[in-house]
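Each chain gets a letter, A, B and so on, in the order its sequence line appears, and its residues count up from 1.
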Amino acid sequence: MFLSEQEIIRRQAREELMKLGIEPYPSALFEVNTTTEEIKRDFDEAKGNFKDVVIAGRIMSRRIMGSASFAEIQDASGRLQVYLRRDDICPGEDKSLYNTVFKKLLDIGDFIGVKGYVFKTQTGEISLYVTSLTVLTKSLKPLPIVKEAVDERGEKKTYDAFTDPEQRYRQRYVDLIVNPQVKDTFIKRTQLTNSMRQYLNNKGYLEVETPILQPLYGGAAARPFKTYHNTLDMTLYLRIANELYLKRLIVGGFDGVYEFSKDFRNEGMSRFHNPEFTQIELYVAYKDYKWMMELVEEMLEKVALDLHGTTKVQVGENVIDFKRPWKRFTMFEAIEHFTGIDISQMDEVQLRGTAEQLEIPVDDTMGKGKLIDEIFGEKCEPNLIQPTFITDYPVEMSPLAKRHRDKPELVERFEAICNGKEICNAFSELNDPIDQRKRFEEQLELGKRGDDEAMVLDEDFLRALEYGMPPTAGLGIGIDRLSMIMTNSSSIQDVLFFPQMKPEKKVVYASNQDYVDAGVREELIPVLHKLGVLTIEELRQREPNKLFNDVCGMRKKLKLKEVKNPTLDEVSSWVEGQPAE
RNA sequence: GACUUGGUAGCUCAGCUGGUAGAGCAACGCCCUUUUAAGGCGUGGGUCCUGGGUUCGAGCCCCAGCCAAGUCACCA
């Protein structure tokens, strides 16, 4: 293991604390009686409240001035300045709790608990006057130090912000510690799902759970992750959607079911795509897609109000207003609106021609539905900023949706588009088992044409439909995408605690035992580290005479006076792998 | 998957036509009892992402890789 100077110093501090009889990782509970947020909100100098306060948290900054110090403590709710005076926390002769423990052995990042009373400093900052201090956890890795200052114009300025996305995502815990606004984003995300859950529960719908491991994947057009069950000796897939299972439950007699589900799609990653993502799907019996549009409007308006207290949400440059009613377009109207071309009567050949004319890349695997979808996705979707319903999709691209009651070429489907992206997808569910079988078979044809996202035929699902599924409206909302909009985040990674990343490259360093096994005296290991010998292979490749010289030189440079130099024979034995006699 | 940009101290970043690596914060030592990006004086700290190449000499130039971000493609 390779440690920076600061990490070594912190490890030494941990040892020192133990020697002083202070457990750096105590097991007893430490009971707090308030939070930093409460103190800052409710402290009133005139009332003289908060006289007997206990809080705990991380030390986030320290300003030591001889026998008195200021520090900031960060708990789950925020930060509070604390003031410590040597003679107050060390009333007796022994001043080591302040002089040694606080000043020397504690660092930024350590958890402490403090008792005291709240007061205002001369500069007017609400602070805690500490009368006793308890070490709760010693931190061994230094945190990035982010500082804030307010200039004369009252503008907040952040210094040395921890901004590198790679580090922020890989070490989200650090991100959460030093970037308080990150916490807010995730709190909002949970509020969002809570708000939806509350809305749906109030309507009497049942939250359910359905399988993630599925023998057949279905319900969407996507490539799956494949896995394997040993005992069953069979391939299983991680679900790409939960539609088909939820509809089975409608067959089974539930009137309304919904599930917040992690789905998995084996596709590329981008700022809008993570291999695992969250959707809510909702199915309600005896309803249709028009009814479902009303529900979506109402539910998302409520979400915006619950999160922001208003229907207006700032997203990048735009202010998006979720106030009902939303604009509605049929897909053909939308395309005509944005391109001036009426494609409603076109066949596949004409559509391909139109797509080419609009400079949209096409290929032979694309059927009629796909072509229309491409035109829409290219020319319309990005222009739809305010929440807009797009209705009545071509039948080819919606194999699970019911045929339109008036236009047989279309299905009863809508998507809500917002900020140029789809945020939900819904339809009157297809419940004619014969038609459903035909649609699956058409999908198989597309599959043969080379569309590797075409759906597979699910016999059990068809069997369920044959028992009869009532007319049903179904809905799916991408929770991550919606969270991005509701928290003004520009990438999906910002609304996922732990976005998928390539694994960190790991260099396997030799352990101390490996060196000892190779015949190296333990006290010489740091010298080898310093010389860049980090693995036994590396050691074996060194030239013994040069290594001997280097080790002796480095020992001197590191001022390891008490460490004896190795002999040349000793060094040779390391390199050759023979223990010295 | 393609293109563009980036990877230098614990963190944020400099680093000139190629000449043996710098600042601020953090750390360490000393001073300091209401400070607040606290301050003052001093000290240490680097596999310049990795591996090759060019060169007397590479953080810098060339090639190949790894990782990330942004744009595009597929999708939600």
A:Pro144 side chain, from C-beta outward: closest of B:C11, B:U35, B:G70: B:C11
Per atom distances to the A:Phe162 side chain, the nearest of B:G10, B:U35, B:U12 is B:U12
Do A:Lys421's NZ or CZ and the ring of A:Phe272 fall within the cation-pi criteria of under 6.0 Å and 45°? yes
Sugar-phosphate, base or nothing in reach of A:Gln279, heavy atoms under 4.0 Å: nothing
Measuring only the C1' atom in each nucleotide, how far is B:G53 from B:A14? A whole number of Å is fine. 28 Å
Nearest-angstrom distance, P atom, B:A73 to B:U20: 47 Å
Going by atom types alone, do A:Arg413 and A:Ser398 pair a side-chain donor with an acceptor below 3.5 Å? yes
Going by atom types only, do A:Gln81 and A:Tyr83 share a side-chain donor-acceptor pair under 3.5 Å? no
In whole Å, what separates the C1' atom of B:G7 from that of B:G15? 15 Å
Just checking, is any N or O donor in the side chain of A:Ser69 or A:Arg85 under 3.5 Å from an acceptor N or O on the other one? no
Go along nucleotides 21-29 of chain B 5' to 3' and tag each nucleotide: B for a protein heavy atom under 4.0 Å from its base, S when only backbone or sugar atoms are that close, - otherwise. ---BSBSSS
Within less than 4.0 Å of OP1 or OP2 of B:U35, is there a side-chain N or O belonging to A:Arg63? no
Strand partner of B:U54, provided both Watson-Crick or wobble distances fall under 3.5 Å: none
Please check the phosphate of B:A68 (OP1 and OP2 only) for any side-chain N or O of A:Arg170 closer than 4.0 Å. yes
Rounded P spacing from B:C67 to B:A21 in Å: 30 Å
When rounded to the nearest Å, what value does the distance between P atoms of B:U12 and B:C72 take? 27 Å
Matching residue for A:Phe414 among A:Trp326, A:Phe389, A:Phe329 - test: ring pair (Phe, Tyr, Trp, His ring centres under 6.0 Å): A:Phe389
Atom C1', compared across B:A58 and B:G18: separation rounded to whole Å: 6 Å
Take the protein atom CZ of A:Phe70 and the nucleotide atom P of B:U34, then report the distance between them rounded to whole Å. 7 Å
Is any side-chain heavy atom of A:Leu140 closer than 4.5 Å to one of A:Arg11? yes
With ring centroids as reference points, do A:Tyr117 and A:Phe50 lie under 6.0 angstrom apart? no
Under a 3.5 Å cut-off for both contacts, is B:G6 paired Watson-Crick or G-U wobble with anything, and if yes, with which nucleotide? B:C67
Any base atoms under 4.0 Å from A:Lys421, or only sugar-phosphate, or nothing? Heavy atoms, all strands. base
From the list B:G70, B:U35, B:U12, which nucleotide is the closest neighbour of the side chain of A:Glu125? B:U35
Sugar-phosphate only, base, or nothing, as touched by A:Ser270 at under 4.0 Å among non-hydrogen atoms: base
Please classify the nucleic acid contact of A:Gly66 as base, sugar-phosphate, or nothing, using heavy-atom distances under 4.0 Å. base
Going by purine N1 to pyrimidine N3 plus the second Watson-Crick contact, or the G-U wobble pair, all under 3.5 Å, which nucleotide sits opposite B:C28? B:G42
May I ask you to say what A:Ile64 touches in the nucleic acid, namely base, sugar-phosphate or nothing, with a heavy-atom cut-off under 4.0 Å? base
Give a yes or no on whether a salt bridge exists between A:Asp494 and A:Arg271, defined as a side-chain N under 4.0 angstrom from a carboxylate O. no
Taking the C1' atom of each, how far is B:U35 from B:A23, in whole Å? 25 Å
Would you kindly compare A:Gln122 and A:Gln167 by the position of their nearest RNA chain B nucleotide and give the one closer to the 5′ end? A:Gln167
For A:Ser61 and A:Ala68, find the nucleotide of RNA chain B closest to each by heavy atoms; which residue's nucleotide sits nearer the 5' end? A:Ala68
By the 4.0 Å heavy-atom rule, please label A:Glu374 as base, sugar-phosphate, or nothing. sugar-phosphate
G-U wobble or Watson-Crick pairing nucleotide for B:G22 (cut-off 3.5 Å, both distances): B:C13
Pair A:Asp175, A:Tyr169: side-chain N/O donor-acceptor within cut-off below 3.5 Å: no
Is it true that A:Glu72 and A:Ser61 share a donor-acceptor pair across their side chains at a distance under 3.5 Å? yes
Counterpart base for B:C74, defined by Watson-Crick or G-U wobble contacts under 3.5 Å: none
Distance-only side-chain donor-acceptor flag, A:Asn242 / A:Glu259, under 3.5 Å: yes
Go through residues 88-97 of chain A and report each residue with a non-hydrogen atom lying under 4.0 Å from RNA chain B, sorted by number. none
If I take atom CG in residue A:Asp164 and atom P in nucleotide B:G10, what distance separates them, rounded to the nearest angstrom? 14 Å
B:G46 C1' sits how many Å from A:Ile8 CD1, rounded? 14 Å
Roughly how many Å apart are B:G70 and B:C30, using the C1' atom of each and rounding to a whole number? 48 Å
Integer-rounded Å distance: B:G1 P and A:Asn266 CG: 12 Å
Cation-pi geometry met for A:Arg223 and A:Phe264 (6.0 Å, 45°): no
